[in-house]
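Here is how names work: the chains are called A, B, and so on, in the same order as the sequence lines, proteins then strands, and each is numbered from 1.
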Amino acid sequence: MVIENRWPVMAGARFLPVGRLDDLIGALHADGRRVVGPVVEDGGIKMAEIERAAELPFGWTASAAPGLVRLSRRPANDRAAGRAFDNGPAWSGIKPWTFPSRVDALTVETREDGSLGVRVEAPANQPTAVIGARACDLAALAVHDRVLAGGPAIDPDYAARRADLLVVAVECALATSTCFCTSMGTGPEVTTGADVVLAEVDGGFVARSDSPAGERLLAGLDLAEAGPLRVGAAIEQVTKVRDAMGHAVEAEGLHDRLLANLDSPRWEAIAERCLACANCTLVCPTCFCTGTVIESDLDGRESSATRQWDSCFTAGFAQVAGGGSFRPHHADRYRQWLTHKFATWWDQFGSSGCVGCGRCIAWCPVGIDVREELAAIAGPAITDLPAAAPATTPAAAPIAVKGTRILAMAPTALQPGSIRTDYVTATVTEVRPETADTATLRLVTGDAALLAARPGQFVMVAVPAFAIPPISISRINPDGLELTIRAAGPATSFMTRLRPGAELALRGPLGRPWPIEDAYGRDVAIVAGGIGLAPLRGLLDQVLAERDRFSSIRVYLGARTPRDRLFVAEMDALAAGGLDIRATVDRAGPEWLGRVGIITDIFRNAKATGQNVTAFVCGPERMMTAVVDVLGDLDVPREHTWLTLERRMECGVGLCGHCQLGSRFVCRDGPVFSVAELGDDLRREGL
Amino acid sequence: MQLPPVPTAQVSKRATTLNRPRVGVVKFASCDGCQLTILDLEDELLALTERFEFVEFAEATSRRSSGPFDVLFVEGSISSPEQAVEIARLRAATKTLVTIGACATAGGIQALRTASEHEAFRAAVYPAPAFVESLAVASPISSYVTVDAELRGCPIDAHQLVELLTAVTTGRRPQLPDQAVCLECKRRGLECVVVTRGEPCLGPVTQTGCGAICPGIGRGCYGCFGPREGANVDGLASWFVDGPALGGLKREDVGRLFAGFTGAAQPFRAVTDRLGGRPQIPLRPATAHGPEHSEHTPPVWGTRPEDPDARR
C-alpha cells in the first residue's frame, strides 16, 4: 500500500497566517485545554506546555546523526528562518503527555479498625491539545491505542488522557539523517489520527481538518482558502522529505527474518557497544514497559504504588523472586528489545512496534544505529528501491500481508477490556502452615469474578508497604479462594505470617487456566515439583469432581525433602482412597519410607505408551524441562503436555511488559502453555 | 542484597520507646557530608526519632554508645590501622550494617591515593607526615566486613535513606534500583548531554538514585553513585575516545573521568588503569618537608599487597 498524500483530495484547505497561530492556541485554551508544543530546551527540541506561539522554535533547525544531535539558528536570509516547525520531530515525542513517566496507580492502607482500604487511583488529567505532532508521533499513538487501550486489559490512565487529546499535526519539512519513517510506512505524510493537519509554507500554514473537533476548531478561526499554489508547495515540500529519506530498512518479512536469527553472533557483538542504559527505550514513542515503585509511611500502614517507565535493558526487569534474572546479559536484553520492536510486536498487537522516527538512533549515547543492526542480523536492507516503494501502514495492514507466522495460541477471552484491572478485598479466615516456609491462606470473598476463578489462574496480591506479587490459586471454594504461598521474598514472607481476620487486596482472577477439557477421555498425569503442587491442587479438585470424564488419573509428586511436601494429609487421604499418587523426595531422613530420587525417575520404568496421556506439569523450570524430556520419550504428545511458567509479573494483565517470553505475555497468554506452543522458546537461554 | 528485618518489624503497628530499634551512625575517613544529609531530612527527622533510637550519631548528639546496634550506618572508608580494628568490633556489635556514601561503599576520593605514591601524598598533604598513621590504601567497608546494604552517592540521597529505614520497620526489601542514571534522566524529561553537547557523562554506567542531579543542570554525571549493575565501561569509554560526539577526548582524560569519588571501584578503576589519568604527585607544590621516600614507578591499581581488593 502506498502512503497517499492527502492534500490533493482535501477540498477547501485553508490558510493560517503565521501571525494567527496565537488565535489557534487561544481557541484551544478557550476550549479548556492545556496546549503542548515543541520548544527549544537545553540543546534539543522537546514537547512542553506553551502559552504563546512565540515559544515555538521559530528559526531553529536541527541535525541528527547516531548519538549526535545539534540545533542551530537558521541565518536570517534563509527562506525558512521564519518557520517554527522546519526542524524535525521533537525528541520527547508526545508520549510524556499521553503516557507519563510516573502515574499514581494504587493506594493500599490499613484502616484504624484493621480493615484494608484499596483505592485504584483515578486518572487526573487535564484535556490537552498537542501542536506539532509528526506522522511518526501519530503512528506511535495508534500503536499505543492498540497496546494500552485495545487489548483485553485497558490502562485507565492512558484511556482517559487519550479521550481528552486533540492533535494538531504538522507535516515534516525536514528529514534528519536518523529518520526512516518511509521504511516503516508511517510517514512523512500525515494520513490519519490528527484532528487538524498543518503544512508550513511561506507566511503561514496550509491547514485541513481531519475530524469534527478539528473542523470546529478551524471553522472558528474563519480562515481564507489556501489556494492551489500554497497546497502545491505543501505537497512538494513533504515529497522532498520522502525522497531525502530513501529506504533504510527492509521491513518486508522482517518478523520472520529476525526470529530466524535469534542465535546470530551479532547479538554478542552489539553487546560490546550497547551500554544497556535504556535511553533507546525511553525515547521510543511506542515503548510501554513500566515498573511499580511502592512507597509507604514508616509504620507500613499506608502505601502507594506508582507506575513508572521501565526498560527491558535493566537487570531487574526480568528478575523473579529469589533473585535470578531471565536476561542476565546485555546481548539478551538487546535481542529482547529488537525482536520485540520489529517482530513479536506483530504477534502481540498486529503491527510493528517501530514507527521509524529514529529517536533510538539519535539519542543512543554511543550512537548505535538500529538500521545497521537490523541489516546485519536480519539480512541486508534493499537500498535501491524507488522512493515510492510499497509500504504498509501498521494501523491498516492485515497481518497476513507480512507473511507473519502467528503462534498457535489457544483462544482465551481476550476481548478488549475483558480483563479487570481493579482490586477487591478478601478476608483471611484460616492460615494453615504447610512447610517451614509455606502456608495456605483460606480467603473469603463475595466477589463474583474471584469466585468464578478456574484452576491454574492467579491473582496479584497487595498488602500495605510491600511489592505486589502474583500468587497462584491453590483451591477454589464456594465462598472464596485458597492461596498457597512460599516465603520467597519479603512480601510473601509477610503474607505467610498473616493471621485470620487480615485482609488482602486482590486483582484477578488472571491468566489462562489449565485446559482441563483437553484431558477429557484421556489419561491424566499431574506432575508437581515442590511449590508447583499449589496451582495443580485446584486442577486435581476439579479432575476428581469430574472423575468419570477421564480414563485414568495419576499424580506424581516431587519434593526436595519429606518436610518440603505440600498438602501431606490431603494427599495421604486421597491415596488411601485409591488415587494413584506416587511421591519421591530428592533427599530423605530415616523417617521417610517412600521413594528417593528426582521426579523424572518415577517415569523411567513406565511401560505404557503416553499417546493417550494429557500431562499437567508445574515446578521449577529446570524440573519442568526435565519432565518434558521424559514425557517426550514416553510419547506423551507435546500438544497435550501443559506447563505453567514463572516470569516476573508486575501488573498481571499484559500492560507492564515484564513477563514477555518471545511473543507471549506469560501473565495474559499463560501462565499455562502447552509444550507445542512454547516450542524452542522453552529452553532458549536469555529470552 | 538481603536486608534482614529487625525484630521490631512484627510489632511495628504501635511502636513504643521501649522497642525502638537502636540505630548508630559512625564515621571513618570521610567529610561527614552523608551524616549532614541525614540531618537535612528536616520533615522526617521527628518521625524517625519516634521510630528509632539514635544511640550514636556524632553530628547530631553528644550521647555516645559502643553498641549493640540494630542498624548501624557507616560513613567513610578504612584509611588507618586503628579504623581497620574498629570496624571489625562494630560489625560484631551490629545486626544490620549499612554503608552510606561513596567513601564507605567504594573508598571515596581518598582512595585515589591507592593509585599513586602513598608517601608522596602524605608529604603533599601533611607538613609532618611522620605523625600521621595511614594505610597505603583507603578501602570500602566491604573490604573488611560483611555489609548488609549500601546507600551510594557523594553524598547519599536522603530519600533512599528514608526508604531503607522504612524497609527496616516494615520488613520489606528496600527499593534501591541498580539501573543506570539514564532512566531517571529520561523520566525527568531531560535531554542527553552527551548527545546534544558532547559533554562526557557517566550516567549510562552509573547507578541511579541521585535523581539525575547533574544532567538536570546540564552537566555530565561524574559517577558518584558508582558503577551500576553490568556497567559497560569499555563501551562508553571507547565512544568518548573514538566517537564523533565528543570530538575525540584524549585517552587519559577519559581515564580521569572514571577516577573520581568512586574511581577505586571496579570496573571504573580498570578504565583508568587502561587509559591513564591516574592522579599525579605533586598535587601542589611540595611542602617544607619533602617526601620521606618515593617510589619511582607507582603501582597499577589493585596490585599493592596492602590493598584488600587485590587479595580477593
Considering only heavy atoms, which portion of [X] lies under 4.5 Å from any heavy atom of chain B: side chain, backbone, both, or neither?
X        : result
A:Pro365 : both
A:Ile294 : both
A:Ser63  : neither
A:Ala271 : backbone

note = Of B:Leu190, B:Val194, B:Asp234, B:Val233, the largest count of non-hydrogen pairs under 4.5 angstrom with chain A goes to B:Leu190

ask   = When rounded to the nearest 0.5 angstrom, what distance separates CH2 in A:Trp337 from SG in A:Cys360?
value =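 It comes to 4.0 Å.
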
task = State, yes or no, whether a side-chain contact exists between A:Ser72 and A:Trp60 at a heavy-atom distance under 4.5 Å.
result =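 Result no, sub-4.5 Å side-chain heavy-atom pair not found.
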
ask   = With a 4.5 Å heavy-atom cut-off, do B:Gln160 and B:Pro177 have their side chains touching?
value = yes

Which portion of [X] sits near chain A, non-hydrogen atoms under 4.5 angstrom:
X        : value
B:Glu184 : side chain
B:Gln175 : side chain
B:Leu48  : both

ask   = When you check the gap from the basic side-chain N to the acidic O, do A:Arg359 and A:Asp137 get nearer than 4.0 Å?
value = yes

key: Side-chain donor or acceptor of A:His330 paired with backbone N/O of B:Ala231 under 3.5 Å   = no

